[in-house]
Amino acid sequence: MRPSFHPRLTNDPFSDPGLYIPFLFEKRALLFDLGELRGLSPRDMLKVTHVFVTHTHMDHFIGFDTLLRLFLGRDKELHVFGPEGFFRQVEGKLAGYTWNLVHEYQTDLTLKVTEILPDRTLTRTYICKDRFKPRENQVEELYTGILLREPSFLVEAEWLDHRVPCLGLSITEDFYININKQELEELGLPVGPWLTQFKKALYEERDPKSDFLVTCKKEGIATKERKFILGELARKIATVSPGQKITYITDIAGTPENFEKAIRLAKHSDHLFIEAAFLDRDRDAARKKFHLTAKEAGNLARLAGVKQYTLFHFSPRYNHMVQDIEQEAGDAFQNRPVGQTPS
Ligand SMILES: [Zn+2]
Ligand SMILES: [Zn+2]
């Protein structure tokens with residue numbers, strides 16, 4: 001089975017963090033955090049539709065300019081979410097540049113910025129041609145922990161403590177649709193963009209008795225159309241399995257309250273991306289800076305029952321000690337006493 005999301009960190013574990021989540025077969029991606037984006041090509045970045053910023057410490061927000069620079073002059077809409085005070089932060093960045101020429105652009109970029117408050121979200125729209133002045137009508141919605149709901153997945157957040165509120169983030173796919181290539185061939189159907197429409201119809205739970213039109217294209221030109229009953233076609237070519245869950249947790253203090261909330265958010269994730277800023281021997285420094293140790297990261301991954309985890313956001317003091325960090329987290333994940341790994 002091929003998963004729909006292929007998450008990867010935007011760079012090495014010592015650099016300013018971010019998680020890039022592209023979708024299989026779609027020119028689309030999400031970003032958790034806006035650290036240093038140099039690990040992403042412009043093509044990767046242009047797929048991003050929604051960005052979720054955990055908190056606005058510089059190492060998690062410096063990539064905003066990189067993304068904006070690339071999107072500028074394109075017909076695009078970019079949605080950016082962040083915690084309380086986010087409008088001020090975004091508007092501060094936008095105010096740092098001169099926008100006297102943008103009204104002459106042929107294209108238009110729309111920024112939709114959502115500030116997340118404990119009980120509600122506020123969304124403001126900024127249009128490039130208006131020199132990114134905020135539109136007057138601000139949209140207010142109730143916030144219950146879900147930041148984005150689409151037919152096939154949802155993005156949830158949990159408030160964690162990093163001396164400032166910091167968001168833990170999870171993306172959960174409702175279910176996964178796998179296409180059986182052999183059955184496709186037997187039906188004489190080519191792989192093509194119609195498959196995205198087909199999956200969309202299933203995610204949206206369209207009436208299985210309804211018609212579904214398969215349009216075959218060659219070099220972008222429609223060559224043939226064939227009509228199927230949606231449910232019958234699904235029975236022949238699709239297998240439905242449980243969806244993936246990916247969780248991203250960074251910049252949190254190792255307190256019992258944070259642990260409880262982070263474990264709840266990360267519960268049964270297929271892949272947990274978790275900070276491991278310090279080694280256990282430097283736990284006093286970790287406490288002071290409101291970060292996790294590798295041991296705590298491993299414990300958290302074990303208690304949440306995740307299938308796989310990736311550590312990141314290492315303190316530069318461990319430049320040549322990646323193995324020690326991995327070892328310590330691995331011991332905690334396996335519930336072995338630290339330093340007693342069989343070699
Ligand atoms: Zn921070
Ligand atoms: Zn940080």
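Positions are given from 1, in the same order as the sequence printed here. Each ligand, and each atom within it, is numbered from 1 in the order the structure gives.
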Visitor: Does the cation-pi check pass for Lys93 over Phe61, that is, NZ or CZ under 6.0 Å from the six-membered ring centre and within 45° of its axis?
Guide: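 Lys93 over Phe61 ring: yes.
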Visitor: Are any of the side-chain nitrogens in Lys289 or Asp282 under 4.0 Å away from the carboxylate oxygens of its partner?
Guide: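 No, this pair does not count.
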Visitor: Give, rounded to 10 degrees, the angle between OD2 (Asp251) and ND1 (His57) as seen from the Zn ion (ligand 1).
Guide: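 My answer is 170°, to the nearest 10°.
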Visitor: The Zn ion (ligand 1) to His60: any N/O/S contact under 2.8 Å?
Guide: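 Checking the Zn ion (ligand 1) against His60, no N, O or S atom falls under 2.8 Å.
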Visitor: Does His55 bring an N, O or S atom to under 2.8 Å of the Zn ion (ligand 1)?
Guide: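 A backbone or side-chain N, O or S atom of His55 is under 2.8 Å from the Zn ion (ligand 1).
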Visitor: Considering non-hydrogen atoms only, spot the tightest contact between Ala29 and Pro22 and give its length.
Guide: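 Smallest interatomic distance, heavy atoms only, reads CB-CA, 3.7 Å.
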Visitor: State whether Phe87 and Arg124 meet the cation-pi test: NZ (Lys) or CZ (Arg) under 6.0 Å from the six-membered ring centroid, and within 45° of the perpendicular axis.
Guide: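 That pair qualifies as a cation-pi contact.
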Visitor: Take the Zn ion (ligand 2) as the vertex and measure to OD2 of Asp59 and NE2 of His313; round to 10°.
Guide: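 It rounds to 90°.
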